[in-house]
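Report on the structure given below.
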Amino acid sequence: MIRGDDVTDKPVILWFRQDLRLHDNPALTAAAATGAPIVPVYVLDQGSRVRPRGAASLWWLDKSLRALDAALRDRGSRLILRRGDSETELRRLMAETGADRLYINRQWEPDAAARDSDLAHALKAEGVEVKGWNGSNLMPPGSVLNGSGEPYKVFTPFSKALLAQWTPPPHTLGPRALLTPEDVASDDLDAWGLHPARPDWSTGFDWTPGEAGAISALSRFASGPMADYADGRDHPGRPVTSRLSPYLHFGEVAPWRAVEAARKAAADGKAPVAQAEKFVSEIVWREFSAHLLHHFPHISDHAFRPEYDALPWRDDPKGLKAWTRGLTGYPIVDAGMRQLWTTGWMHNRVRMVVASFLIKHLLIDWREGEKWFWDCLVDADLASNVQNWQWVAGSGADASPYFRIFNPITQGRKFDEDGRYVRRWVPELARLPDRWLHAPWEAPPEVLRDAGVRLGSNYPRPIVEHDAARKRALDALKSVDKVRRDRED
DNA sequence: TTTTGAGTTGTTCGA
DNA sequence: GTCGAACAACTCAAA
């Protein structure tokens with residue numbers, strides 16, 4: 001047989017986006033199976049078609065791209081970096097390399113999906129083969145529907161339906177070797193300046209981005225802390241959460257690997273089934289968020305329940321600033337906001353408390369908080385961020401009822417009962433006895449003095465009073481409820 | 001079509 | 001200190 005100038009020798013472009021891993025990567029597996037040379041590329045596109053990444057997210061991306069490049073080099077390949085408009089850069093790369101195939105793991109966020117769809121149509125019309133796989137979710141968003149063919153709006157039935165339909169995909173190992181053309185130009189990652197300088201605010205970021213870090217975080221979690229997950233996950237001072245969220249966001253581990261690890265730990269007797277399934281349930285919440293954003297794209301910047309967009313939000317720049325800086329005078333809130341700023345992450349329980357405080361105690365639009373989280377979180381994920389903020393606001397699908405207003409004092413006493421969390425992140429209160437730690441303004445003067453706390457001087461007095469703020473929020477939220485009832489009359 | 005049961009994470013009040 | 005009820009009905013999903 002004469003091969004001649006076989007078209008299969010033209011390279012395949014493997015466009016990495018939120019799938020920065022070599023194992024369990026469907027697009028990579030398919031690309032390797034073609035036997036053709038592969039051009040792995042990441043395009044940094046901070047343009048207008050999708051929401052630009054925030055600063056903490058870019059910090060993570062920087063390290064993750066380095067890890068991916070190193071893993072590819074171990075296999076004789078390397079990561080090609082380009083910056084600019086995705087379509088322009090991919091067309092340029094295809095022209096340079098003669099590639100006529102583009103393989104991707106699909107992105108499900110509506111804006112990214114629309115961009116990809118436009119790109120695929122345009123390229124296909126020019127004879128380019130464009131293929132996509134699902135590499136980021138247990139089930140592709142849009143594929144789980146109720147008996148009437150409608151999207152679920154309640155978590156529990158969604159979860160049951162998803163887990164009933166889902167079957168774990170087989171493992172695929174990353175290829176041992178990848179052939180990549182030598183002469184393809186790449187940007188210099190250092191020149192992208194993704195790591196902060198002047199000042200470097202990331203010195204407290206305690207993370208190992210990349211696939212190896214993801215696998216080790218998962219196995220560490222599954223072999224220990226997961227056994228106490230259902231209860232322990234609520235206590236921010238205990239190291240019981242998986243801390244897998246940024247790895248999942250960037251696709252450094254497939255979510256099905258996390259589910260599999262949980263179930264294997266349960267089968268091996270390392271964790272009770274109920275504890276492992278609680279963790280699986282959190283993975284399914286991630287699915288639910290993606291599913292909701294897919295079906296209801298407007299929720300990225302509007303309430304799922306439209307009447308909530310009419311809430312009489314307060315314009316309060318001083319309150320917002322105090323919240324972002326961790327200077328509200330409520331220790332559990334301040335601890336959370338400082339953990340976020342310092343480490344790029346916040347414990348889930350505390351995320352609810354600080355979100356409830358911003359929305360309900362300060363009556364500030366949830367979108368302000370969502371924006372701040374977007375910029376500060378290494379795990380910033382559009383679907384999850386928006387869904388969770390709307391859950392707290394009460395404006396989302398299957399959301400918290402409007403009269404549920406977290407009491408930051410009670411939450412602190414209940415979930416940070418030994419004060420470990422507050423003392424770590426609000427050191428100026430560290431010497432206060434447990435009894436007063438979550439409400440320092442109630443402490444007798446001599447207790448404050450002995451602990452070195454000077455309210456209004458080295459730690460703020462509460463910027464709002466809980467009872468009054470709670471009543472104000474209830475009134476405002478009732479007015480929303482009235483809007484809805486009036487409209488229905 | 002109608003009915004029925006259920007619904008992530010809370011707080012406050014009064015007995 | 002502990003407990004149940006109220007908060008406020010509503011929407012969803014499935015039988």
Side-chain angles (χ1 to χ4, degrees), chain A residues 144-165 228-236 238 240-242 245 274-275 277-289 291-292 295-296 303-308 330 332-333 336 346-357 359-361 384 387-417 435 438-439 465-489:
Chain A
V144 179
L145 299 170
N146 66 22
S148 315
E150 301 288 326
Y152 284 99
K153 295 167 187 167
V154 174
F155 173 72
T156 303
F158 170 83
S159 176
K160 285 180 181 158
L162 182 144
L163 290 173
Q165 288 172 42
D228 181 39
Y229 186 70
D231 177 57
R233 66 185 293 273
D234 268 332
H235 297 261
R238 303 182 199 168
V240 178
T241 60
S242 73
S245 50
Q275 306 291 315
E277 287 305 312
K278 185 71 186 174
F279 176 66
V280 171
S281 178
E282 296 305 317
I283 301 288
V284 179
W285 266 96
R286 177 177 176 273
E287 300 282 317
F288 188 47
S289 298
H291 152 99
L292 286 171
H295 288 289
F296 308 99
F304 177 84
R305 300 158 173 264
E307 64 273 17
Y308 275 76
Y330 286 91
I332 191 76
V333 174
M346 195 195 306
H347 188 277
N348 171 258
R349 163 64 47 182
V350 190
R351 291 190 197 198
M352 290 190 289
V353 175
V354 304
S356 179
F357 188 84
I359 296 167
K360 301 196 173 177
H361 287 76
S384 294
Q387 189 280 128
N388 282 297
W389 273 94
Q390 294 219 36
W391 183 85
V392 177
S395 65
D398 204 7
S400 174
Y402 77 82
F403 52 82
R404 181 173 295 160
I405 297 170
F406 283 70
N407 179 331
I409 307 153
T410 310
Q411 287 283 311
R413 287 178 177 152
K414 193 167 167 190
F415 296 112
D416 187 35
E417 67 277 24
R435 179 170 177 202
H438 293 288
E465 195 262 316
H466 170 71
D467 279 322
R470 177 172 179 275
K471 288 191 177 75
R472 180 173 69 180
L474 279 172
D475 283 347
L477 290 157
K478 271 181 192 151
S479 77
V480 156
D481 214 44
K482 189 177 179 316
V483 167
R484 178 175 52 73
R485 280 198 298 271
D486 288 352
R487 210 186 35 223
E488 282 165 7
D489 285 344

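Labels below follow one simple rule: chain letters A, B, ... track the order of the sequence lines, proteins then strands, and each chain is numbered from 1.
- Here Phe357(A) and Tyr330(A) bring their ring centres to under 6.0 angstrom of each other.
- Rounded to the nearest Å, the gap between the P atom of dC12(C) and that of dG10(B) is 23 Å.
- In this structure, NZ of Lys153(A) is placed 9 Å from C1' of dT11(C), rounded to the nearest angstrom.
- Using a 4.0 Å heavy-atom distance criterion, Arg470(A) is classed as a sugar-phosphate-only contact.
- Picking from dT8(B), dT12(B), dA14(C) the nucleotide with the shortest atom distance to the side chain of Asn407(A) gives dT12(B).
- dT12(B) and dG1(C) have their C1' atoms separated by 16 Å, given to the nearest Å.
- The Arg404(A) side chain lies nearest to dT9(B) when the options are dT9(B), dT8(B), dT12(B).
- Across all strands shown, dA15(B) forms a Watson-Crick or G-U wobble pair with dT2(C), both key distances being under 3.5 Å.
- One interatomic measurement links the two molecules: CZ of Phe158(A) to P of dA14(C), which rounds to 12 Å at whole-angstrom precision.
- Taking 4.5 Å as the limit, every side-chain heavy atom of Val392(A) sits out of range of all side-chain heavy atoms of Asn388(A).
- Residue Phe155(A) places its side chain closer to dT8(B) than to any other of dA14(C), dT8(B), dC12(C).
- Pair assignment for dT11(C) gives dA6(B), based on Watson-Crick or G-U wobble hydrogen-bonding distances that are each under 3.5 Å.
- Atom CD1 of Ile405(A) and atom P of dA8(C) are 11 Å apart (whole Å).
- Note: CD (Glu277(A)) to P (dT8(B)) measures 17 Å, nearest angstrom.
- In this structure, Phe155(A) and Trp285(A) have parallel ring planes: the angle between them is below the 30° cut-off, well short of the 60° mark.
- Look at the P atom in both dA8(C) and dA6(B): the space between them is 23 Å, to the nearest Å.
- Computed from coordinates, the Trp391(A) CH2 to dG7(B) P distance equals 15 Å when rounded to whole Å.
- In this structure, Arg286(A) atom CZ and dT8(B) atom C1' are separated by 18 Å, rounded to whole Å.
- In the set dA8(C), dT9(B), dC12(C), dT9(B) carries the atom at the smallest distance from any side-chain atom of Arg233(A).
- The listed nucleotides are dG10(B), dT12(B), dA14(C); the one nearest the side chain of Asp467(A) is dT12(B).
- For Asp234(A), whose side chain is taken as the heavy atoms from C-beta onward, the closest listed nucleotide among dA8(C), dT9(B), dA13(C) is dT9(B).
- Side-chain N/O atoms of Tyr402(A) include one lying less than 4.0 angstrom from OP1 or OP2 on dA8(C).
- In the set dT12(B), dA13(C), dT9(B), the nucleotide with an atom closest to the side chain of Thr410(A) is dT12(B).
- Here the side chains of Leu163(A) and Val280(A) are in contact, with some heavy-atom distance below 4.5 Å.
- Phe406(A) comes within 4.0 angstrom of sugar-phosphate atoms only, judged by non-hydrogen atoms across all strands, and of no base.
- The NZ atom of Lys414(A) sits 13 Å away from the P atom of dT2(C) (whole-angstrom rounding).
- Side chains of Arg305(A) and Gln390(A): no donor on one and acceptor on the other come within 3.5 Å.
- Listed pair His466(A) / dT11(B) fails the phosphate criterion, with no side-chain N or O lying under 4.0 Å from OP1 or OP2.
- Atoms CG and CG, on Asn407(A) and Asp467(A) in that order, are 8.0 Å from each other to the nearest 0.5 Å.
- When the nucleotides dT9(B), dT8(B), dA13(C) are ranked by their closest atom to the side chain of Arg349(A), dT9(B) comes out on top.
- Between dA6(C) and dT8(B), the distance separating the two P atoms is 22 Å to the nearest Å.
- Considering only side-chain atoms of Glu282(A), the nucleotide from dC7(C), dT9(B), dT8(B) that sits closest is dT8(B).
- Glu150(A) and His295(A) share no donor-acceptor pair across their side chains, judged by distance under 3.5 Å alone.
- Residue-level contact check: Lys471(A) touches neither bases nor backbone, having no heavy atom under 4.0 Å from any strand.
- Within the 4.0 angstrom heavy-atom criterion, only backbone atoms of the sugar-phosphate kind lie near Gln411(A); the bases stay farther away.
- For the pair Gln387(A) CD and dT8(B) C1', the computed distance is 10 Å after rounding to whole Å.
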